[in-house]
There are 2 protein chains.
Amino acid sequence: MPSSRVTQADVARHAGVSRTTVSFVLSGREDIRISVEARQRILGAAEELGYRPNLTAQSLRTRKTFTIGLVSDVVASGNYAGGLIQGALEAALERDHLLYVAETGDVPEVEQRLLRGMIDRQVDGMIHASMSTRGRRPAHHSPEHPTVLLNHLDQSGELACVVPDEEKAGAEALGMLLEAGHREGVHVVGGHHRTEAAPDGVHAGRERMRGIARAAAAAGVRLAGVAECDWSTPEGGYRAVRTLLGGTAAPKALVCCNDRLAFGAYQALAESGLRVPEDVSVISFDDSELASWLRPGLTSVAIPHRELGRAAVSLLLSDDLTPTIHRIPMPVHRRGSIAPPR
Amino acid sequence: MPSSRVTQADVARHAGVSRTTVSFVLSGREDIRISVEARQRILGAAEELGYRPNLTAQSLRTRKTFTIGLVSDVVASGNYAGGLIQGALEAALERDHLLYVAETGDVPEVEQRLLRGMIDRQVDGMIHASMSTRGRRPAHHSPEHPTVLLNHLDQSGELACVVPDEEKAGAEALGMLLEAGHREGVHVVGGHHRTEAAPDGVHAGRERMRGIARAAAAAGVRLAGVAECDWSTPEGGYRAVRTLLGGTAAPKALVCCNDRLAFGAYQALAESGLRVPEDVSVISFDDSELASWLRPGLTSVAIPHRELGRAAVSLLLSDDLTPTIHRIPMPVHRRGSIAPPR
DNA sequence: GTGAAAGCGCTAACAT
DNA sequence: ATGTTAGCGCTTTCAC
C-alpha cells in the first residue's frame, strides 16, 4: 500500500525542479539562493498538491522531533493536571511542539517503560512533574535529553527546576491577615503536612510554614498555634478547628494550608455557629474551584498551574538548562473570607 | 555529531552477522528461521551493547508510530481531565503506545494546527474528546486516521463513540430514592442544563432527565418539580433549593444533576436548618471529590472517567471502528445522604 | 539460514 | 543557482 501522501518528490516533479531545491525552499533556508521564479513554482505546487512534510522522515534525518514528554508521578491525575498540561501545551504549541503526556503512578517499572518509550521516540526533551519532594532523580537523565523538573526540586543539583514560590506565598498569606489587623488568635491549620510517608513534611508545607513564620516574626506577631494534620481531605481541617474551638481562647483567624482544609474549617465553624469572616477570618492556598464555591468565597493563594507548565516548557526549549531553581509567583485571589478582627 | 546510540548495525557487527539477521531476530519474526546459535549471539550483543530500537526509523519504514493522539476541546482542563487521560494512558501503555495530549480550547485554528501536527507525526489514531454534544465533526477525519469520539456523539453517524450511559444513570439515581421509599416531594435540581449557548440543554442533561422520567413513570411516581438551572457552579443549586424552600410543600428528596449543584443544595438546606438526610435526601451525579468531602457524604453516580479513557483507546486500537455507540456504565457510590422519608 | 540491496521521505555535503 | 548523491536506522524482498 503506497502512502497516499504527497511528498517532496511529487512537488519537485510538479514544479520541474530537483528534490533538493524543494527541500531548500520548503525549509525556508536563506543561505542558499534560489531563483524567485523557481521558488514560486515550488510553493505553488506544494500548495496545489496539499503537500505536508513527513515529520517522521524529517526527524530521522535531523534528530529533532518537535515533541516533548511530560511525565508525572501522580500529579497529572489530580486537579493539578489540567492547568499544568494546559500551560505546557500552550507553550509547546507556540513553538510548534507536541506533548506526550504520561503518568508513572510512582511505579518504577512503569516509569522505566515510559521514559524508554519517549527516548526511543526521540523526544527533544522531558519534563518530570512530581508531588513528592524526595523523588529519586529521573532514571534516564542524560545530557542528550534535556530535562526540567516541575513542581519539585532536584536533590542532585544538576537539573533546572520550576516550582511555585511557596515561601513567599506563605508570607503573603499571613500578610493578608496582618493587613486586615489580625495580630492575635492567628492559627495555622495543616502545618508541614507531616505523614508517616514524609515525617519531615512536604516541600510545599515546609516552605509555606517558613514564609508564614518569617512574616509573623517580621511583624512581631506570635502565632497562636499550628495544627499539624493531613492535607488530603477536609477532615483534617474540620477536626483541627473543632479542637481549637474546644479550647480556651477563640481563634480569630486561620491560615489553612489548602482549600480542602479550609473547607473543613468552614464546616466546623458553621457547626459552632461562628461566621466567616465576621467571627473568624480565613485564608488558604490552592485557589481551587472550591474556594469560589464556598460561602463566603474563600481568599486563597493560587497555585499557578498554567504558568508552571508554561515555564517548564519555555525553559526546556530555551536550551539554557543551567541547574537553576525558577520560582513562579503565587497570586492571591481575594474573596470575602477576611475581615478585620472585632 | 554522530548519534551515540547503538544501532542494529552495531549489534550486527558485534555478533558477526548481517543487519538483516539482526532485524529478523530483534523483531521476533517466526516465519524466518535463524540458527539458535546466531540468535543467541545477537540477543547477547544487543543486551550487552544496550541496544534500543530507533522508533523514528522504524516508523518511517512501517508507517506505524505506536502513538495515539488525544485531543479535547476543553475537557482536559477541568476535573474531567485526570481520569480520562489516566485511563487512556493505561490502556495505551498496555499496548505499548504513547499518548499525545492536546487541547483546542474550542478554537478552530488551534484544532487545525494540532490535528495537522499529529497527522504529520503519523499518529496511529486519534481520540476526540469533547463536552459539547453539538460538536462539528473532527476537521481532519479520514479513513487513514482511525478516530474515536469520546464523551460526545457523532451526528454524522460515521464514527465510533464512547459515552457514559447517562440515561441508565438517571434511572438508577431516581431508583435509589424510590428504593429508600420516597414517592413524594422528589425534585430535580439542574434539569437539562439549558443555557443560551445550548437552548436544548446538554447531552448529559437530556439523557439523565430521560432516565429519571422513565424510572419515575415505571414506578408510577410523579416528580414534584424540575428546577432548570446552570450546572457550572453551586450557585444554581443553592438558589433553586432556596426557591423550593420558600414554596408551600417542603421537598423530601433531591436529585441534583451534579455534585456542585448538590453542594449548593446542602448550603441552602443548612441555612434553613434542614438536615441531610433526616429531612431531605440527596442524590447526585459526578462522584467528584466534593461528594466525599460533604457532610454527610453525598451519594453520587460516578462518571467513569478512567473507563471512558480506557474504552476509547481499546476501541481505537481494536481496529473494529464500526460506528457504534459504546455506553459505559456509571456506578453509583453510596454515602450517607439518603434516608427513608419521615 | 543468511546476506545484499533497495527504499521509507527527508536533509545536506558536495559538485556543477 | 540548481542538481547529484549519500545517508539517517530500519524493514523486507529476493538471491545465495
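Each chain gets a letter, A, B and so on, in the order its sequence line appears, and its residues count up from 1. These figures come from a predicted structure and were not determined experimentally.
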Starting at atom [atom1] of [X], determine the distance to atom [atom2] of [N], rounded to an integer number of angstrom.
X	N	atom1	atom2	result
Arg121(A)	dC10(D)	CZ	P	14 Å
Lys64(B)	dG9(C)	NZ	C1'	19 Å
Leu26(B)	dT12(D)	CG	C1'	15 Å
Arg63(B)	dG7(C)	CZ	P	14 Å
Leu60(B)	dT12(D)	CG	P	12 Å
Asp120(B)	dG9(C)	CG	P	14 Å
Arg61(B)	dC10(D)	CZ	C1'	8 Å

Pick out the pairs of N or O atoms, protein on one side and nucleotides 1-3 of chain C on the other, that lie under 3.5 Å.
from   : atom 1 : to       : atom 2 : distance (Å)
dT2(C) : OP1    : Ser35(B) : OG     : 2.9
dT2(C) : OP2    : Ser35(B) : N      : 2.8
dT2(C) : OP2    : Ser35(B) : OG     : 3.4
dG3(C) : OP2    : Ser18(B) : N      : 2.8
dG3(C) : OP2    : Ser18(B) : OG     : 3.4
dG3(C) : OP2    : Thr21(B) : OG1    : 3.0

Is the closest basic N to carboxylate O distance between [X] and [Y] below 4.0 Å?
X	Y	result
Glu94(B)	Arg310(B)	yes
Asp124(A)	Arg63(A)	no
Arg113(A)	Asp96(B)	yes

Output the distance between atom OH (Tyr100(B)) and atom CE (Met118(B)), rounded to the nearest 0.5 Å. 8.0 Å

Which residues in residues 47-59 of chain A have a heavy atom closer than 4.0 Å to any atom of DNA chain D?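 Result for residues 47-59 of chain A: none.
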
Tell me, do Leu114(B) and Leu98(A) make a side-chain contact under 4.5 Å, heavy atoms counted? yes

Do the side chain of His152(A) and the main chain of Leu150(A) share a donor and acceptor less than 3.5 angstrom apart? yes

Distance-only, no hydrogens or angles: does the Asp73(A) side chain make a donor-acceptor pair with backbone N or O of Gly105(A) under 3.5 Å?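 The answer is no, because no donor-acceptor pair under 3.5 Å joins these two groups.
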
Under 3.5 Å side-chain donor-acceptor pair for Asp320(B) and Ser318(B):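 No pair is found: no donor N or O on one side chain lies under 3.5 Å from an acceptor on the other.
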
Using only heavy-atom distances, determine whether the side chains of Thr65(A) and Gln122(A) contain a donor-acceptor pair under 3.5 Å.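 There is no such pair (donor and acceptor under 3.5 Å, judged by atom type) between the side chains of Thr65(A) and Gln122(A).
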
So which atom in Ile127(A) and which in Ala312(A) form the shortest heavy-atom distance, rounded to 0.1 Å?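 In terms of heavy atoms, the two residues are closest at CD1-CB, 3.7 Å.
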
Using the C1' atoms of five pairs at each end, what's the angle between the two axes of the helix from dG1(C)-dC16(D) to dT16(C)-dA1(D), to 10 degrees?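 What I find for the helix from dG1(C)-dC16(D) to dT16(C)-dA1(D) is an axis angle of 50°.
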
Is there a donor on the side chain of Arg5(B) or the base of dG9(D) sitting less than 3.5 Å from an acceptor on the other?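 No pair found.
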
Considering just the side-chain nitrogens and oxygens of Gln122(B), establish if one lies under 4.0 Å of OP1 or OP2 belonging to dC8(C). no

Leu321(B): which of Thr147(B), Leu315(B), Leu159(B) passes side-chain contact (heavy atoms from CB on, under 4.5 Å):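 Passing option: Leu315(B).
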
